[in-house]
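Data block below; observations after.
Keep in mind that what you see is a predicted model, and the values were worked out from it rather than measured. Every chain is numbered from 1 and lettered A, B, ... according to where its sequence line falls, protein lines coming before strand lines.
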Amino acid sequence: MDCRQTREFLSALVDNEMIDSQIKQKVEEHINRCATCKNEFELEKKTKQTIQAKVKILPVPNELINSVLNQVKTLQNGHPAYLNTAQNLKPMSKPWLEIAFPLGVVLTTLLLAILLVSVYEKKVNQKELIAKEVSGLINHFDSISQGLSKPEILSNDPTHVRNEILSRASFTPIFLDIPEFEIVGASIKDPHLHSGNAKCVNLIYRKGEKLIFIHQAPMSYASMHDDVKKRILKGEWIYDAIKDESFAIWGTSDLICCAISNLSKEELEKILKQSK
Amino acid sequence: MRLKDKIKNLLKQEKRDKKLTDEELLEKQKKFEEEAIPHMQFLYNFAYRMTGNEEDAKDLVQETYMKAFRFWEQYEPGTNIKAWLFKIMKNSYINKYRKAAKEPGKVDYEEVKNFYETVRDESFETSDLQEHIFENIFEDEVIEALNKLPDEFRTVVILADIEGQSYEEIADFLDIPIGTVRSRLHRGRKMLRKELFEFAKKKGYIKGKPKDYEIDDPEKD
């Protein structure tokens with residue numbers, strides 16, 4: 001056996017993993033004859049011992065064991081963990097990422113512009129007014145569709161979402177039946193920073209890569225411009241779009257509803273009319 | 001049988017079926033906890049050594065267990081559960097940390113070749129010097145050296161020398177022949193030694209010119 005062949009078996013000799021006794025004997029014979037290989041063998045042994053002496057086995061943190069056991073229980077009870085549904089949301093988030101930043105810049109600029117306009121000019125354009133109302137929601141929609149923020153409820157089971165919403169919300173929201181769309185999740189947090197009240201429901205509907213986000217809040221909590229409120233109370237459905245997101249605002253006797261979507265304005269209008 | 005009784009029986013049957021499913025679910029949970037949970041220490045330590053920190057290790061282990069539970073039906077009872085769990089974790093690790101990585105388990109020979117070229121230039125070990133290399137080394141230096149190895153070599157060194165797994169187990173975990181385990185481990189340890197030597201040199205434990213050291217031809221390996 002030569003040096004090269006011997007080296008192939010050095011680790012096995014170090015670890016006492018030699019299965020074939022004939023090979024083992026040959027390797028040992030070579031090592032006893034060849035100083036270089038013997039040195040190599042001794043060094044490898046020493047390396048292993050050093051690793052073993054310096055790098056110790058760590059105990060598993062208790063909280064890890066507990067959280068694994070808890071998550072198993074949660075999965076068991078039919079409430080899929082975030083991990084489960086997050087993967088469903090992810091694939092469609094990719095094309096969004098590319099526009100997320102410019103969109104954010106555009107929205108921020110828009111908001112600033114609106115603020116400036118409203119300060120220096122009393123007469124505010126209706127279109128901009130509405131854009132201001134929905135920009136918070138659009139941001140919320142964006143961060144959810146990109147997977148940057150996580151809705152409190154995510155499930156492939158629409159009934160589960162409904163039950164969760166009904167048990168958590170402070171009012172009874174409308175569950176629109178949107179043809180071909182499924183409810184995949186919901187959030188209850190209020191994206192309007194200025195209202196500071198957790199009194200709204202955001203339902204997330206999905207069909208493949210298409211998302212519709214239905215925001216609902218009691219009319220009394222809705223902080224919006226009187227002009228817009230008046231239009232809605234008259235029964236008007238306002239459709240518009242900002243960049244790639246289309247939206248619709250409408251009201252019922254006691255709820256204010258807003259749909260945000262990555263569909264075109266026309267498509268959203270068509271779908272919502274079918275859903276009524 | 002009267003219609004009323006028929007309905008009654010059907011309802012009973014339905015109730016029983018439902019109950020059985022619940023029992024089955026409970027059984028599944030019990031089995032999972034009995035079989036999979038005991039391997040957490042092994043998985044956690046591997047995750048910790050691969051990611052280098054507690055938080056990422058915990059995330060990786062958690063993800064592994066969630067996936068394992070979801071795909072529990074795919075596990076064949078009686079087969080090596082430790083290897084099954086390990087493979088789930090290895091895939092999660094690759095997805096998370098090596099997005100643009102090559103195929104799992106495949107060695108990037110270019111990477112290894114480059115490494116060997118650096119080893120070749122400055123050989124580093126004679127028997128009189130080994131004591132200096134090994135005795136003055138600290139834990140974090142061993143870990144740092146380990147982290148410098150290409151993943152394929154790091155993996156076998158962690159499994160064999162830190163986790164104490166047998167060659168057969170390692171072969172099973174990584175889907176490679178035992179001969180490959182042997183040679184990867186030998187090379188991995190050698191690379192690690194080279195890194196440790198660099199530390200020793202920096203700290204001044206080893207002095208002298210490279211020509212004083214015996215040149216070890218890596219081609220021999």
Side-chain angles (χ1 to χ4, degrees), chain A residues 2-19 34-78 80-84 86-87, chain B residues 25-26 28-29 32-33 37 40-41 43-45 48-49 54 57-58 61-63 65-67 69-70 125-127 130-131 133-134 137-143 146 157-158 160-164 166-168 178-179 181-190 192-193 196 214 216 219-221:
Chain A
D2 62 20
C3 290
R4 193 194 172 88
Q5 289 168 314
T6 304
R7 299 287 166 104
E8 281 301 311
F9 290 98
L10 276 188
S11 53
L13 199 64
V14 167
D15 292 318
N16 218 357
E17 285 261 2
M18 297 291 273
I19 295 155
C34 169
T36 322
C37 284
K38 182 158 179 80
N39 184 37
E40 185 77 17
F41 170 70
E42 293 298 337
L43 283 172
E44 179 154 350
K45 210 155 86 179
K46 199 83 191 166
T47 309
K48 180 194 160 104
Q49 286 164 358
T50 305
I51 302 169
Q52 282 179 328
K54 304 287 178 190
V55 189
K56 293 288 178 204
I57 287 280
L58 302 162
V60 183
N62 279 334
E63 73 260 28
L64 176 61
I65 305 173
N66 290 336
S67 81
V68 167
L69 290 176
N70 277 336
Q71 285 212 33
V72 166
K73 263 185 212 126
T74 321
L75 278 180
Q76 183 70 284
N77 294 335
Y82 175 50
L83 178 87
N84 230 342
Q87 282 167 351
Chain B
L25 280 172
L26 218 67
K28 176 188 167 187
Q29 189 183 336
F32 182 80
E33 284 174 10
I37 302 293
M40 204 185 287
Q41 173 142 323
L43 294 172
Y44 175 71
N45 273 274
Y48 193 102
R49 297 303 168 203
E54 187 176 327
K58 282 200 258 183
V61 172
Q62 195 139 319
E63 194 180 324
Y65 275 101
M66 290 313 102
K67 281 185 184 163
F69 188 71
R70 271 167 56 218
E125 39 202 30
T126 64
S127 34
Q130 50 175 291
E131 297 305 311
I133 303 178
F134 295 115
I137 219 84
F138 290 109
E139 179 188 348
D140 53 347
E141 289 165 332
V142 177
I143 288 165
L146 197 59
V157 174
I158 292 172
D161 293 347
I162 300 174
E163 301 254 45
S166 72
Y167 286 15
E168 202 183 329
I178 286 191
V181 176
R182 267 200 310 261
S183 56
R184 264 192 213 177
L185 196 51
H186 172 64
R187 287 177 175 87
R189 284 168 177 163
K190 201 178 163 112
L192 190 107
R193 208 152 65 229
L196 293 182
E214 176 194 334
D216 181 35
E219 289 301 309
K220 268 186 195 167
D221 291 10

### Task
Below 4.5 Å from any heavy atom of chain A, which atoms of E54(B) appear? Answer side chain, backbone, both or neither.
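Just the side chain, heavy atoms under 4.5 Å.
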### Task
Identify which part of E33(B) has an atom lying under 4.5 Å from any heavy atom of chain A, answering side chain, backbone, both or neither.
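Only the side chain of E33(B) comes within 4.5 Å of chain A.
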### Query
Distance-only, no hydrogens or angles: does the N45(B) side chain make a donor-acceptor pair with backbone N or O of L58(A) under 3.5 Å?
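Yes, N45(B) side chain to L58(A) backbone: donor-acceptor pair under 3.5 Å.
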Are [X] and [Y] side-chain neighbours, meaning at least one heavy-atom pair lies under 4.5 Å?
X: L185(B); Y: D15(A); result: yes
X: H186(B); Y: E8(A); result: no
X: M66(B); Y: V68(A); result: yes
X: E44(A); Y: R193(B); result: yes

Rounded to the nearest 0.5 Å, how far does [atom2] of [Y] lie from [atom1] of [X]?
X: Q62(B); Y: N70(A); atom1: CD; atom2: CG; answer: 9.5 Å
X: D161(B); Y: T47(A); atom1: CG; atom2: OG1; answer: 8.5 Å
X: R189(B); Y: E40(A); atom1: CZ; atom2: CD; answer: 11.5 Å
X: L196(B); Y: L43(A); atom1: CG; atom2: CG; answer: 11.0 Å
X: Y65(B); Y: I65(A); atom1: OH; atom2: CD1; answer: 9.5 Å

### Message
If you compare all heavy atoms of R182(B) against all heavy atoms of S11(A), which two are closest, and at what distance to 0.1 Å?
### Response
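Closest approach of R182(B) to S11(A): O-OG, 2.8 Å.
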### Message
Just to verify, which of V60(A), V72(A), L69(A) counts as forming a side chain to side chain contact (heavy atoms under 4.5 Å, CB included) with I37(B)?
### Response
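So the option named by the test is L69(A).
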### Task
Return yes when atom NZ of K28(B) has more than 12 non-hydrogen atoms of other residues, nucleotides or ligands closer than 6.0 Å, and no otherwise.
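Atom NZ in K28(B) is crowded, with more than 12 foreign heavy atoms closer than 6.0 Å.
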### Query
For E168(B), does the CD atom sit with more than 12 other heavy atoms under 6.0 Å from it, leaving out its own atoms?
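Check fails, neighbour count at 12 or below.
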### Query
Looking at E139(B) and K56(A), does any basic side-chain N land under 4.0 Å from a carboxylate oxygen?
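The answer is no: the pair does not qualify as a salt bridge.
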### Query
Would you call K58(B) and E63(A) a salt bridge, using N to O less than 4.0 angstrom?
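Looking at E63(A) together with K58(B), the answer is yes, because their closest N to O distance falls below 4.0 Å.
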### side-chain hydrogen bond (donor to acceptor under 3.5 Å, both in side chains) partners for K54(A), two or more places apart
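If we apply the side-chain hydrogen bond (donor to acceptor under 3.5 Å, both in side chains) test to K54(A), skipping adjacent residues, there are no hits.
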### Message
Heavy-atom pairs under 4.5 Å with chain A - which of V61(B), L43(B), V181(B), I143(B) has more of them than the others?
### Response
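So the answer, after comparing V61(B), L43(B), V181(B), I143(B), is V61(B).
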### Message
Under the rule for ring pair (Phe, Tyr, Trp, His ring centres under 6.0 Å), what residues qualify as partners of F69(B), not counting sequence neighbours?
### Response
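So F69(B) forms a ring pair (Phe, Tyr, Trp, His ring centres under 6.0 Å) with F32(B).
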